[in-house]
Amino acid sequence: MVIILIIGGSSSQKLAAKVSKELDDYLCPVETRKFPDGERYIRFKDEIEKEVTVIQSTAFPQDESYMELFFMLKNLKDLGAEEIKVVIPYFGYGRQELRFKPGEAISAQTIAELLEFAGATELFSVNFHESSVKDFFNIPVNELSAMPPIAEYIKSNIEEPVIIAPDKGALHHAQAITSILNTKCDYMEKVRLSPDMVETNVKSLDVDGENTVIIDDIISTGGTIVNAVNILKNHNAKSVTVSCVHPVLVGDAVLKIFATGVKNIISTDTISSETNMISIAPLIANAIK
Ligand code: R5P
């Protein structure tokens, strides 16, 4: 019988435990700590099998999470693992997939090359910010969609929801949910002025008296969502619920969003957060088994 080991990195402990429970696979204990100077130490406390799955999200602190992941992968390769599946529920550095201005580093490409060098033989991630990052890899890449579990949650918790994308880029997510729930959707026009400033232009939206649900892939500073909530309120929405796949939620984003009077912020657990209402453990378990 082939034993599949699941290894949970520091940033995805709970998720890795849930995935191993779903699959009845063995969770390998890992010792991770830092030396007094801040450098990282990794040790697998069990024998390494031929097939291994490592789960490590790479939101803040991105650099530390990636460094730990690279150490784990290279160590697995050296210790004899032949099939090393890597699950990165939130793919950090995925937003710099192009050289937008001359001289910029294409961070996503470097990360892809380092993952392969370290030993990854297959990658799984959930809703890349830009799906084109897949092209940087030579190994198989599986992009999973969190829209079905998010749609399920909305169906069970919100009556007759109208799904709203806060910008055109998120419209395909709104449409994916709408096609599952058979409900209405719309989107707003957004312009990003700087990394933490966005301007959202009002369109005519038909949300008067409706229970609205905003869907975005990422909530980072919360600027996009705050603008969208204010617009929905000005259009007399009955309630506004905010949903996202990846709760990056930097600084006081949660406070800023709740201060607008939203009903709730719901997210998946690709990144650990108080907003995690939906687990993607079954989605991952199903993909890697
Ligand atoms: C942008 O294209 C993304 O889909 C999100 O809308 C964006 O990352 C959210 O950023 P923030 O919360 O800082 O407005």
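When each of Leu249, Val248, Thr270, Asn127 is paired with Ile218, the side chain to side chain contact (heavy atoms under 4.5 Å, CB included) condition holds for Val248 and for no other. Between Val198 and the choices Asn227, Val191, Ile225, the side chain to side chain contact (heavy atoms under 4.5 Å, CB included) rule is met once, by Asn227. For the side chain to side chain donor-acceptor pair (under 3.5 Å) criterion with Tyr93, the lone passing option out of Thr110, Asp63, Thr58 is Asp63. For the side chain to side chain contact (heavy atoms under 4.5 Å, CB included) with Val242, the lone residue among Thr212, Asp216, Ile219 that qualifies is Ile219.
Within the 4.5 Å cutoff, side-chain heavy atoms of Val226 are placed close to those of Ile257. Side chains of Arg40 and Ser10 form a contact here, defined as non-hydrogen atoms less than 4.5 Å apart. At least one side-chain heavy atom of Ser220 sits less than 4.5 Å from a side-chain heavy atom of Arg95. In this structure, the side chains of Thr224 and Thr200 stay at 4.5 Å or more apart for every pair of heavy atoms. Looking at Ile214 and Val262, their side chains never come closer than 4.5 Å, going by heavy atoms from C-beta outward. Between Thr183 and Ile163 there is a side-chain heavy-atom pair separated by less than 4.5 Å. The shortest distance between side-chain heavy atoms of Ile180 and Pro148 falls below 4.5 Å. In this structure, the side chains of Val86 and Leu69 come closer than 4.5 Å at one or more pairs of heavy atoms.
In this structure, Glu159 contributes its side chain and Asn211 its backbone to no donor-acceptor pair below 3.5 Å. Ser12 places no side-chain N or O within 3.5 Å of a backbone atom of Gly8 that could act as its donor or acceptor partner. For Ser125 (side chain) and Ile88 (main-chain N/O), a donor-acceptor pair under 3.5 Å exists by modelled atom type. Side-chain N or O atoms of His246 include one that pairs as donor or acceptor with a backbone N or O of Val126 at under 3.5 Å. Within the 3.5 Å criterion, the main-chain N or O of Thr275 finds a donor-acceptor partner in the side chain of Ser267. In this structure, the side chain of Asn276 engages the main chain of Ser273 through a donor-acceptor pair within 3.5 Å. Without hydrogens or angle criteria, Thr268 side chain to Val245 main chain gives a donor-acceptor distance under 3.5 Å. Panel note: side chain Asp167, backbone Gly169; a donor-acceptor pair is recorded below 3.5 Å. Listed for the Asn157 side chain is a donor-acceptor partner under 3.5 Å among the backbone atoms of Tyr153. Gln96 contributes a side-chain N or O that, together with a main-chain N or O of Leu98, makes up a donor-acceptor pair within less than 3.5 Å.
The minimum heavy-atom distance between Glu116 and Asn138, with the atom names listed, is OE2-N, 2.6 Å. Taking every heavy atom of both residues into account, Ile150 and Ile215 meet most closely at CD1-CD1, 4.0 Å. A pairwise comparison of heavy atoms in Leu283 and Ser145 identifies CD2-O, 3.5 Å as the closest pair. Asn286 and Lys289 make their closest contact through OD1-NZ, 3.2 Å (heavy atoms, listed as atom of the first residue, atom of the second, distance). Heavy atoms only, all atoms of each residue included: Cys28 and Phe44 are closest at SG-CB, 4.2 Å. Between Met188 and Ala228 the shortest heavy-atom distance is CE-O, 3.5 Å.
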Apply side chain to side chain contact (heavy atoms under 4.5 Å, CB included) to Phe124 and Thr53, showing your working.
-> CA-CA 10 Å; Phe124 298 78; Thr53 296; over 6 Å; no
Going through the checks in order, is the side chain to side chain contact (heavy atoms under 4.5 Å, CB included) test met by Leu15 and Ile284?
-> CA-CA 9 Å; Leu15 184 60; Ile284 292 177; 4.0 Å; yes
Going through the distances and angles, do Asp217 and Tyr90 end up as a side chain to side chain donor-acceptor pair (under 3.5 Å)?
-> CA-CA 10 Å; Asp217 61 337; Tyr90 172 70; over 6 Å; no
Show the numbers, then the answer: is there a side chain to side chain contact (heavy atoms under 4.5 Å, CB included) between Val19 and Ile288?
-> CA-CA 10 Å; Val19 172; Ile288 62 173; 3.9 Å; yes
Can you check side chain to side chain contact (heavy atoms under 4.5 Å, CB included) on Tyr66 and Leu114, steps first, answer last?
-> CA-CA 9 Å; Tyr66 269 120; Leu114 289 172; over 6 Å; no
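No side-chain N or O of Lys14 forms a donor-acceptor pair with one of Ser272 less than 3.5 Å apart. A donor atom on one side chain and an acceptor atom on the other are not found under 3.5 Å apart for Glu68 and Thr32. Using a 3.5 Å distance cut-off with no hydrogens or angles, the side chains of Ser11 and Gln56 do pair a donor with an acceptor. No hydrogens or angles considered: a donor-acceptor pair under 3.5 Å links the side chains of Ser279 and Asp269.
Counting non-hydrogen atoms of other residues, nucleotides and ligands closer than 6.0 Å to NZ of Lys134 gives a total above 12. At most 12 heavy atoms of other shown residues, nucleotides or ligands fall within 6.0 angstrom of atom CE in Met67. Atom NZ of Lys77 sits in a crowded spot, with more than 12 heavy atoms from other residues, nucleotides or ligands closer than 6.0 Å. Within a 6.0 Å sphere centred on CD of Glu39, other residues, nucleotides and ligands contribute 12 heavy atoms or fewer. Counting non-hydrogen atoms of other residues, nucleotides and ligands closer than 6.0 Å to NZ of Lys256 gives a total above 12. In Asp78, the CG atom is crowded: over 12 heavy atoms of neighbouring residues, nucleotides or ligands sit closer than 6.0 Å. Open room surrounds CZ on Phe117; 12 or fewer heavy atoms of other groups in view lie less than 6.0 Å from it. Atom CD of Glu274 sits in a sparse spot, with 12 or fewer heavy atoms from other residues, nucleotides or ligands closer than 6.0 Å.
Ile6 and Leu115 fall into different hydrophobic clusters, defined by Ile, Leu, Val, Met, Phe, Trp and Tyr side-chain heavy atoms under 4.5 Å apart, directly or through other members. Hydrophobic clustering (side-chain heavy atoms under 4.5 Å, transitive across Ile, Leu, Val, Met, Phe, Trp, Tyr) keeps Val54 apart from Val87. Ile42 and Leu27 are assigned to two separate hydrophobic clusters, defined by single-linkage of ILVMFWY side chains at heavy-atom distances under 4.5 Å. A continuous path of ILVMFWY side-chain contacts below 4.5 Å connects Phe70 to Ile48, so both sit in one hydrophobic cluster. Connection of Leu171 to Val229 is not established within any shared hydrophobic cluster, with ILVMFWY side chains joined at heavy-atom distances below 4.5 Å, either directly or through further cluster members.
Atoms CG and CD, on Leu123 and Glu143 in that order, are 10.0 Å from each other to the nearest 0.5 Å. Between Leu181 atom CG and Glu160 atom CD the span is 12.0 Å, to the nearest 0.5 Å.
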